[in-house]
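Have a look at the structure below before the remarks.
Here is the naming used below: chain letters follow the sequence lines, and residue numbers restart at 1 for every chain.
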Number of protein chains: 2
Amino acid sequence: MDFARADALNQAIRLLSLRHRARAAALLTPLGLHPGQEVLLLELARSGPMIQAQLSGALGCEPPSVTLMASKLEASGHIRRSPAPTDRRATLVELTDSGRELADQVRRAWRTLAEETVVGLGEETVASLPEILGTLAENAGAGRRATGANATTRRPRRTGRG
Amino acid sequence: MDFARADALNQAIRLLSLRHRARAAALLTPLGLHPGQEVLLLELARSGPMIQAQLSGALGCEPPSVTLMASKLEASGHIRRSPAPTDRRATLVELTDSGRELADQVRRAWRTLAEETVVGLGEETVASLPEILGTLAENAGAGRRATGANATTRRPRRTGRG
DNA sequence: CGCATAACATTATGCGCTTAACCAAATTGT
DNA sequence: ACAATTTGGTTAAGCGCATAATGTTATGCG
């Protein structure tokens with residue numbers, strides 16, 4: 001691929017990232033949410049209670065990020081955290097009533113955002129977008145946590161002695 | 001658009017943002033750059049010296065971000081900043097020799113990133129991506145700094161009296 | 001069983017980008 | 001020409017997400 005194409009592509013992705021996030025923020029602010037928290041609510045609304053490690057996997061972000069999102073959503077009363085019955089390390093996360101209501105509103109905002117975003121594109125193009133973007137994301141995420149390759153790259157933890 | 005589609009789309013964009021940025025970071029780290037700085041170098045390499053306001057427009061980010069990127073690139077010796085001859089408020093930014101060399105390496109990394117990202121997609125699809133993604137970004141950025149609409153939303157500046 | 005290793009979660013820290021607030025210089029309107 | 005506004009730039013503060021390091025519980029192997 002020549003540089004011009006590569007640059008156009010990377011720039012477009014970068015721009016899209018910034019703008020899409022900014023627009024999401026604008027739509028979520030009236031709901032009292034910051035971008036990042038909405039996906040957690042939506043995931044819980046879709047798949048029911050789960051532990052944070054599962055959320056981390058589902059949302060595609062790292063555990064510390066989940067901890068922070070969850071803390072804030074708990075503080076605002078939209079989710080509840082309790083020790084998992086089967087594993088005393090894990091924290092089970094579930095929606096509260098308020099969280100369920102909020103999730104409905106988030107769903108509306110989410111639809112608005114998507115509809116705004118694809119204005120001017122043909123129906124077929126729009127239909128093919130999720131898969132294309134999914135492929136792009138997967139490709140960009142290669143070299144990450146083993147989709148079958150080596151996963152043996154875990155450092156020995158440097159267990160502090162004293 | 002139904003929620004499932006909207007969600008798939010938004011999630012894919014979100015994921016792509018995270019992954020693409022992460023991959024960019026991984027490729028740029030060996031060059032001593034953090035993601036965000038590369039686009040400034042590339043823009044200067046492409047269009048020659050310009051003032052920060054122009055950079056802000058070209059990169060699609062806010063002036064304070066440009067100030068920060070530029071500060072760091074100046075500190076690492078890749079760009080030079082000087083007062084603009086025609087406008088005493090403005091700062092003219094240009095590449096140093098070291099910056100030009102680095103920009104070449106960034107170009108290579110940029111190509112690698114793009115090529116990795118589109119693996120598995122048909123040639124036609126790849127060719128259509130920049131325009132599609134550009135449209136998405138533009139749509140998501142609507143309601144921003146007037147593409148012809150109202151631009152009169154400037155607050156009166158609260159000129160502190162005492 | 002007992003010990004090493006892996007997994008879940010958290011805290012601390014760092015970077016990028018944003019908005020808000022501000023100074024300085026240029027432009028416009030009367 | 002002078003006041004009001006607009007534009008260029010910077011600093012301060014805030015948030016999201018990342019990695020590094022740590023505590024705690026579960027698991028796997030001798």
Checklist entry - Of R14(A) and D87(A), whose nearest nucleotide on DNA chain C comes first from the 5' end? => result D87(A)
Item to check | G-U wobble or Watson-Crick pairing nucleotide for dG30(D) (cut-off 3.5 Å, both distances) | outcome: dC1(C)
Next on the checklist: Could you walk me through whether V39(A) and E43(A) satisfy the side-chain contact (heavy atoms from CB on, under 4.5 Å) test, starting with their C-alpha distance in whole Å, then the side-chain angles of each, then the deciding distance to 0.1 Å, before giving a yes or no?
Outcome noted: CA-CA 6 Å; V39(A) 286; E43(A) 182 59 32; over 6 Å; no
Item to check | Nucleotide nearest C61(A) (side chain, heavy atoms from C-beta), chosen from dG9(D), dA18(D), dC8(C) | outcome: dA18(D)
Item to check | Minimal non-hydrogen separation, H20(A) against L113(A), with atom names | outcome: NE2-CD2, 3.5 Å
Checklist entry - Has Q37(B) got a side-chain N or O lying under 4.0 Å from the OP1 or OP2 atom of dC15(C)? => result no
Checklist entry - Okay, side chain of Q52(A), backbone of V66(A): is any donor-acceptor separation there less than 3.5 Å? => result no
Next on the checklist: Once you apply a heavy-atom cut-off of 4.0 Å, does T67(B) come out as touching a base, just sugar-phosphate, or nothing?
Outcome noted: base
Checklist entry - NA contact type, Q54(B), heavy-atom cut-off 4.0 Å: base, sugar-phosphate, or nothing? => result nothing
Next on the checklist: Looking at R89(B) and dA24(C), is any side-chain donor or acceptor paired with a base atom of the opposite kind under 3.5 Å?
Outcome noted: no
Item to check | Result of checking R81(A), R80(A), R100(A) against E94(A) for salt bridge (charged side-chain N to carboxylate O under 4.0 Å, His left out) | outcome: R80(A)
Checklist entry - Do any side-chain nitrogens or oxygens of R88(B) fall under 4.0 Å of OP1 or OP2 in dC23(C)? => result no
Item to check | Distance, rounded to the nearest Å, where L68(B) contributes CG and dG14(C) contributes C1' | outcome: 14 Å
Next on the checklist: Can you see if the side chain of Q52(A) gets near the phosphate of dT10(C) - specifically, an N or O under 4.0 Å from OP1 or OP2?
Outcome noted: yes
Checklist entry - NA contact type, P64(A), heavy-atom cut-off 4.0 Å: base, sugar-phosphate, or nothing? => result base
Checklist entry - Using a cut-off of less than 4.0 Å, is there contact between a side-chain N or O of K72(B) and OP1 or OP2 of dC15(C)? => result no
Checklist entry - Rounded to whole angstrom units, what separation is found between the CZ atom of R21(B) and the C1' atom of dC17(D)? => result 9 Å
Checklist outcome for this item: note: L18(B), atom CG; dG16(C), atom C1'; distance rounded to Å ~ 13 Å
Checklist outcome for this item: Taken to the nearest whole Å, CD/E38(B) to P/dC15(C) is 16 Å
Item to check | Spacing of I79(B) atom CD1 relative to dG9(D) atom C1', expressed in whole Å | outcome: 14 Å
Checklist entry - Whole Å only: how far is the CD atom of E74(A) from the P atom of dT10(C)? => result 9 Å
Checklist outcome for this item: From CD of E62(A) across to P of dA20(D) the rounded distance in Å is 10 Å
Next on the checklist: With a cut-off of less than 4.0 Å, is there a side-chain N or O of S65(B) near OP1 or OP2 of dT18(C)?
Outcome noted: yes
Item to check | Integer-rounded Å distance: dC17(D) C1' and M69(A) CE | outcome: 8 Å
Checklist entry - Looking at R46(B), R107(B), R111(B), which one forms a side-chain hydrogen bond (donor to acceptor under 3.5 Å, both in side chains) with D7(A)? => result R46(B)
